Amino acid sequence: DLSLGTPSFTRVTDVAVTSVSGITAVFASGQRSDGEFAVVSLGAGIPIPTVVESEVQRIVDDPISTAGNYPLDLAIDTLNLFVTGNNEVFVYSITPTLSLASTLTSTGGQTIAVGATTGSFIVGAGDSVRIGTNALGQARVTGSLTFPGTFTIRGVAIRSTSTGLFFLVCAGTGGLRILQVPSTP
């Protein structure tokens, strides 16, 4: 039971954990008692909140979990924290403190899912996914794919194997889609 600082959080929507140089850092996102949506860093055991200046995504037609709020989904690559917003993704540097490094705008309506690994990220927005790179701390989209049908992307993940880089996409009631970026010889 950790304190997330003052004002207190009334709802936690996502948690991400990483270990850098032997130090474990925990990040939580959610809504605070003052109505603001924020991300809090618990890296040194002292809560450091950062208000996220964005709207909250709400999925009205969600047959899976009623009204479905998906604010501030979190993902971590080696040195960055990715946070979803309204038609945007915020990229925070997590060393030595949480500071905004770049903002990826125009990611699409219903931007509710993000995944990241060293150098690559994936964003789920509406019925599309966008993949990109965060080289030199400047996040940019390098490709996108829209799925036929009327799905809303619910979640994304990245996995790397010896046969390539895989982007896993949960398309709501449309099932799981797997996109592969083949490895270069």
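Excluded from the calculations below are hydrogen atoms, water molecules and symmetry mates; all remaining heavy atoms, backbone and side chain alike, are included. Predicted model, so just to flag it, every value in this text is computed and none were measured.
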Problem set entry | Sub-4.5 Å side-chain heavy-atom contact between Val123 and Val129 | no
Exercise. So, Thr103 versus Thr105: side-chain donor-acceptor pair below 3.5 Å or not?
Worked result: no
Exercise. Does the side chain of Thr78 come under 3.5 Å of the side chain of Thr118 through a donor N or O and an acceptor N or O?
Worked result: yes
Exercise. In chain order, what residues pass the side chain to side chain donor-acceptor pair (under 3.5 Å) check against Ser33, with sequence neighbours excluded?
Worked result: none
Problem set entry | Test item: Ser29 side-chain N/O and Val39 main-chain N/O as donor-acceptor pair under 3.5 Å | no
Seminar exercise, completed: Nearest heavy-atom contact between Ser120 and Ile158 is O-CD1, 3.9 Å
For this session: Using a 4.5 Å cut-off on heavy atoms from C-beta on, say whether the side chain of Phe37 contacts that of Val83.
Result: no
Problem set entry | Leu81 vs Phe90 side-chain heavy atoms within contact, under 4.5 Å | no
Problem set entry | Selection residues 116-143 - residue pairs positive for ring pair (Phe, Tyr, Trp, His ring centres under 6.0 Å), sequence neighbours left out | Phe82-Phe121
Exercise. Roughly how far, to the nearest 0.5 Å, is the CG atom of Asn86 from the CD atom of Gln110?
Worked result: 10.0 Å
Exercise. Minimum heavy-atom separation for Leu98 to Ser41, with atom names?
Worked result: CD2-CB, 4.3 Å
Exercise. Quick one: does Asp34's side chain have a donor or acceptor within less than 3.5 Å of a partner on Pro7's backbone?
Worked result: no
For this session: Check whether any side-chain heavy atom of Leu176 sits under 4.5 Å from a side-chain heavy atom of Val169, and report yes or no.
Result: no
Problem set entry | Thr107 to Ala125 - nearest heavy-atom pair and separation | O-CB, 3.3 Å
